K.L.:
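Sending over a structure as structure tokens; questions will come in a sec.
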Amino acid sequence: MMFEKLKEYGTEEIHFCNDKESGLNAIVAIHSTVLGPTVGGTRFWPYENEERALFDVLRLSRGMTYKNAVSGLKYGGSKGVIIGDPAKLKTEKLLLAYARFVEHLNGLFTTGEDVNISVKDVEIMSRVTKHMAGIGGEGRGGDPSPYTARGVFAGMRAGAKEKFGSDSLKDKTVAVQGLGKVGYDLCKWLHKDGAKLIVADINEENVERAKKELGATAVGTSEILFADCDVFSPNAMGAVIKADDVSKLKCKLVAGGANNVLVDGSAGDALDKTGVLYIPDYVINAGGVISICLEIERVHDENIANKKMDGIYDNVKNLLDFAKKEGLPTYLAADKYAQKIVDDARKQKG
């Protein structure tokens with residue numbers, strides 16, 4: 001069964017880690033090294049079972065390969081997941097155990113912040129491995145979340161241009177699901193551009209902050225997907241939209257920072273058939289990994305980084321043009337576009 005899963009996702013390697021003393025259980029998926037050594041974040045999540053954790057890491061690592069490819073980065077894709085409730089299990093001892101595991105991979109896997117892994121956590125782990133990114137300091141980018149948000153905003157503008165005829169979000173209603181670092185920074189960009197915000201988050205403090213600072217309207221977490229809006233922006237966990245949901249959507253554009261927004265391809269087909277424009281996640285949310293790759297190469301400069309984030313506008317536009325040319329739903333066009341880049345690189349390697 002395990003090898004069938006690897007074949008299904010095109011994954012090269014899976015690494016399992018257990019540290020009894022700290023309680024660490026982790027999985028790292030190395031999806032592809034064709035473009036180079038791999039880069040991908042690590043998330044800490046209370047998965048309901050090991051099978052669910054494996055499913056997540058396989059999908060996420062493949063998404064990183066495609067994200068790096070369409071962003072013109074010379075790095076392969078990977079992802080790490082630490083299994084458990086971070087509120088109960090996250091300790092310095094566990095983080096260091098995970099970092100030693102990363103170091104053991106000897107540069108095959110460079111990682112950093114993702115869900116429930118902070119800059120402080122990465123700084124702790126960097127004590128025992130040099131294969132961490134998203135750390136402050138000269139030539140480094142620090143927390144990649146603001147760059148992700150800026151890139152999502154740029155990509156959303158490109159989607160708006162395609163769908164509404166203007167790349168301004170002024171007077172457009174945007175329903176933002178998730179007000180973590182990426183989601184909240186995205187809200188600030190949208191507010192600055194004159195958008196009307198509808199928000200939802202499991203953390204009530206985040207919601208109250210958005211209401212107070214940005215004039216947002218709050219709805220429940222179960223309502224946000226079906227809010228009356230122009231744009232739905234998922235910025236929390238993945239697997240948000242399934243095919244059965246599509247007929248109930250009121251938005252015309254889906255664009256956000258979450259990974260693996262679609263439960264499966266049938267959701268993407270349903271969006272396409274109903275005329276809802278979906279901007280594939282790994283094309284629009286690449287800002288964070290672009291920042292991290294600049295940091296790995298020790299050439300991170302805020303002006304250069306911001307220019308690259310704003311360039312996600314063109315990446316999205318190019319993808320939408322490709323989808324129209326190929327006559328494909330955007331999710332399939334993105335996969336075809338990215339896979340061609342990987343396949344061409346494989347051919348060049350011989």
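Everything quoted here is computed from the prediction, not taken from an experiment. Only this structure's heavy atoms are used, side chains among them; waters, hydrogens and symmetry mates stay out.
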K.L.:
Before accepting this row, confirm whether a basic side-chain N of the pair K347/D343 lies closer than 4.0 Å to the acidic partner's carboxylate O.
P.N.:
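No, K347 and D343 are not salt-bridged.
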K.L.:
For a quick test of reading the model, state the closest non-hydrogen atom pair linking A258 to N285 and the distance between them.
P.N.:
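Reported closest heavy-atom pair: O-ND2, 3.4 Å.
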K.L.:
Nearest 0.5 Å, what's the NZ-CZ distance between K5 and F55?
P.N.:
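Rounded to the nearest 0.5 Å, the NZ-CZ separation comes to 7.5 Å.
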K.L.:
Ignoring hydrogens and geometry, is there a side-chain-to-backbone donor-acceptor pair from S233 to A255 under 3.5 Å?
P.N.:
yes
K.L.:
Same cluster or not: are I279 and V276 linked, directly or through other Ile, Leu, Val, Met, Phe, Trp or Tyr residues, by side-chain heavy atoms under 4.5 angstrom apart?
P.N.:
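No, it is not one cluster - the side chains of I279 and V276 are not joined through contacts under 4.5 Å.
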K.L.:
Are the side chains of K336 and L332 in touch, meaning some heavy atoms are under 4.5 Å apart?
P.N.:
no
K.L.:
Can you check whether L94 reaches F44 side chain to side chain, under 4.5 Å on heavy atoms?
P.N.:
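Yes, at least one pair of side-chain atoms sits under 4.5 Å.
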K.L.:
Once rounded to the nearest 0.5 Å, what's the spacing between atom SG of C293 and atom CG of L73?
P.N.:
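Those atoms lie 4.5 Å apart.
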K.L.:
Of all heavy-atom pairs between A338 and A69, which one has the smallest distance, and what is that distance?
P.N.:
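So the minimum-distance heavy-atom pair works out to O-CB, 4.0 Å.
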K.L.:
Mark yes or no for whether H131, through its side chain, and G107, through its backbone, hold a donor-acceptor pair below 3.5 Å.
P.N.:
yes
K.L.:
For the side chain of T274 and the backbone of L271, is there at least one donor-acceptor N/O pair under 3.5 Å apart?
P.N.:
yes
K.L.:
Between atom NE2 of H31 and atom CG of L58, what is the distance when rounded to the nearest 0.5 Å?
P.N.:
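Atom-to-atom, H31:NE2 and L58:CG are 8.5 Å apart.
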K.L.:
Is L277 linked to V246 within one hydrophobic cluster, defined over Ile, Leu, Val, Met, Phe, Trp and Tyr using a side-chain heavy-atom separation of less than 4.5 Å?
P.N.:
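No: no chain of side-chain contacts under 4.5 Å links L277 to V246.
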K.L.:
I would like to know whether K172 and M156 meet side-chain contact (heavy atoms from CB on, under 4.5 Å); could you show each step before the answer?
P.N.:
CA-CA 12 Å; K172 290 289 186 282; M156 188 184 293; over 6 Å; no
K.L.:
Within a 6.0 Å radius of atom CD on E21, are there more than 12 heavy atoms belonging to other residues, nucleotides or ligands?
P.N.:
no
K.L.:
Working to the nearest 0.5 angstrom, can you tell me the gap between D193 CG and K188 NZ?
P.N.:
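D193 CG to K188 NZ: 15.5 Å, rounded to 0.5 Å.
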K.L.:
Please determine if K211 and E208 form a salt bridge, counting it only when a charged side-chain N lies under 4.0 Å from a carboxylate O.
P.N.:
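Here K211 pairs with E208 in a salt bridge, since their nearest N and O are under 4.0 Å apart.
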K.L.:
Taking C-beta and beyond as the side chain, do L35 and K74 meet within less than 4.5 Å on heavy atoms?
P.N.:
no
K.L.:
Above 12 or not: heavy atoms from other molecules or residues under 6.0 Å from NZ of K250?
P.N.:
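Correct, the count exceeds 12.
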K.L.:
What's the shortest heavy-atom distance between T173 and D228, and which atoms?
P.N.:
CG2-O, 3.8 Å
K.L.:
Tell me whether D281 contacts the main-chain N or O of N260 through its side chain, where contact means a donor paired with an acceptor under 3.5 Å.
P.N.:
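Between the backbone of N260 and the side chain of D281 there is a qualifying donor-acceptor contact (under 3.5 Å).
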K.L.:
Side-chain donor-acceptor pair under 3.5 Å between S78 and T38, yes or no?
P.N.:
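Yes, a side-chain donor-acceptor pair sits under 3.5 Å.
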K.L.:
Quick one: does any side-chain atom of D56 pair with a main-chain N or O of R52 as donor and acceptor, under 3.5 Å?
P.N.:
no
K.L.:
Taking the side chain as C-beta and beyond, is there a heavy-atom pair between R209 and L179 under 4.5 Å?
P.N.:
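SC-SC contact between R209 and L179 ruled out.
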K.L.:
Looking only at the side chains, is there a donor atom on one of D335 and Y282 sitting less than 3.5 Å from an acceptor on the other?
P.N.:
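Present: a donor and an acceptor within the cut-off.
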K.L.:
Quick check: does any side chain N or O of T129 sit under 3.5 Å from a backbone N or O of M125, one acting as donor and the other as acceptor?
P.N.:
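Pair absent, no side-chain N/O of T129 close to backbone of M125.
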K.L.:
Within the structure provided, determine whether I296 and Y75 are in side-chain contact (heavy-atom separation under 4.5 Å).
P.N.:
yes
K.L.:
Roughly how far, to the nearest 0.5 Å, is the OH atom of Y147 from the CG atom of N306?
P.N.:
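So the gap between those two atoms works out to 6.0 Å.
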K.L.:
Main chain of I135, side chain of E295: is a donor-acceptor contact present, judged purely on distance under 3.5 Å?
P.N.:
yes
K.L.:
Taking everything shown except E223 itself, do over 12 heavy atoms lie less than 6.0 Å from its CD?
P.N.:
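Counting other residues, nucleotides and ligands, CD of E223 exceeds 12 neighbours.
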K.L.:
What heavy-atom pair brings E113 and D143 nearest, and what distance separates the two atoms?
P.N.:
OE2-CA, 4.4 Å
K.L.:
Using the rule that Ile, Leu, Val, Met, Phe, Trp and Tyr join whenever any side-chain heavy atoms are under 4.5 Å apart, tell me whether V240 and L186 fall into a single cluster.
P.N.:
no
K.L.:
So D264 and K242, do their side chains get closer than 4.5 Å, heavy atoms only?
P.N.:
no
K.L.:
L54 vs I14, test: side-chain contact (heavy atoms from CB on, under 4.5 Å). Steps then yes/no.
P.N.:
CA-CA 9 Å; L54 180 61; I14 291 282; 4.1 Å; yes
K.L.:
Does a salt bridge link D114 with K79, judged by any charged N lying under 4.0 Å from a carboxylate O?
P.N.:
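Salt bridge between D114 and K79, a charged N being under 4.0 Å from a carboxylate O: yes.
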K.L.:
Return a table of donor-acceptor pairs under 3.5 angstrom between the side chains of residues 163-170 and protein atoms on other chains or two or more places apart.
P.N.:
from, atom 1, to, atom 2, distance (Å)
K163, NZ, G275, O, 2.5
S166, OG, S168, N, 3.2
D167, OD2, R157, NH2, 3.1
D167, OD2, Y313, OH, 3.0
S168, OG, K170, N, 3.1

K.L.:
Tell me whether Y66 shares a hydrophobic cluster with I284, the cluster being built from Ile, Leu, Val, Met, Phe, Trp, Tyr side chains joined at under 4.5 Å.
P.N.:
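Looking at the clustering, I284 is in the same group as Y66.
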K.L.:
Keeping E162 on the side-chain end and L320 on the backbone end, is there a donor-acceptor pair under 3.5 Å?
P.N.:
no
K.L.:
Are more than 12 heavy atoms from other residues, nucleotides or ligands located less than 6.0 Å from atom CD of Q339?
P.N.:
yes
K.L.:
Measuring only between side-chain heavy atoms, which start at C-beta, is F232 closer than 4.5 Å to L249?
P.N.:
no
K.L.:
For D269 and S266, which I'm curious about, is there any donor-acceptor pair between the side chains at under 3.5 Å?
P.N.:
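No, no side-chain donor-acceptor pair sits under 3.5 Å.
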K.L.:
Indicate the ring-plane relationship of F153 and W189, choosing parallel, tilted or perpendicular according to the 30° and 60° boundaries.
P.N.:
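Parallel: the ring planes of F153 and W189 meet at under 30°.
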K.L.:
How far apart are the closest heavy atoms of L197 and V176, and which atoms are they?
P.N.:
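Result for this residue pair: CD2-CG2, 4.3 Å.
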K.L.:
Please say yes or no: joined through hydrophobic side-chain contacts below 4.5 Å, possibly via intermediate residues, are V283 and V231 part of one cluster?
P.N.:
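V283 clusters together with V231.
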K.L.:
Output the distance between atom CG (N259) and atom CZ (R59), rounded to the nearest 0.5 Å.
P.N.:
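It comes to 9.5 Å.
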K.L.:
Set out, in order, the CA-CA distance, both residues' side-chain angles and the distance that settles side-chain contact (heavy atoms from CB on, under 4.5 Å) for V70 and L319, then state yes or no.
P.N.:
CA-CA 9 Å; V70 300; L319 182 275; over 6 Å; no
K.L.:
Can a salt bridge be assigned to the pair D185 and K181 using a cut-off of 4.0 Å between side-chain N and carboxylate O?
P.N.:
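Salt bridge absent between D185 and K181.
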K.L.:
Indicate yes or no: at least one non-hydrogen side-chain atom of Y278 is less than 4.5 angstrom from one of I241.
P.N.:
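Of all side-chain heavy-atom pairs linking I241 with Y278, none is under 4.5 Å.
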K.L.:
How close do G84 and P86 get, counting heavy atoms only, and between which atoms?
P.N.:
O-CD, 3.2 Å
K.L.:
Near K317 NZ, under 6.0 Å, is it more than 12 heavy atoms from other residues, nucleotides or ligands?
P.N.:
no
K.L.:
Counting N and O atoms only, with roles assigned by atom type, does the side chain of D201 sit under 3.5 Å from a partner on the main chain of V207, one being a donor and the other an acceptor?
P.N.:
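Side chain of D201 to backbone of V207: no pair is present.
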K.L.:
Donor-acceptor check, side chain of S61 to backbone of V57, threshold 3.5 angstrom: yes or no?
P.N.:
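Yes, S61 side chain to V57 backbone: donor-acceptor pair under 3.5 Å.
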K.L.:
Evaluate the side-chain contact (heavy atoms from CB on, under 4.5 Å) criterion for residues R150 and D310: first the C-alpha distance (whole Å), next the side-chain angles of each, then the deciding distance (0.1 Å), finally the verdict.
P.N.:
CA-CA 7 Å; R150 183 172 181 139; D310 295 341; 2.9 Å; yes
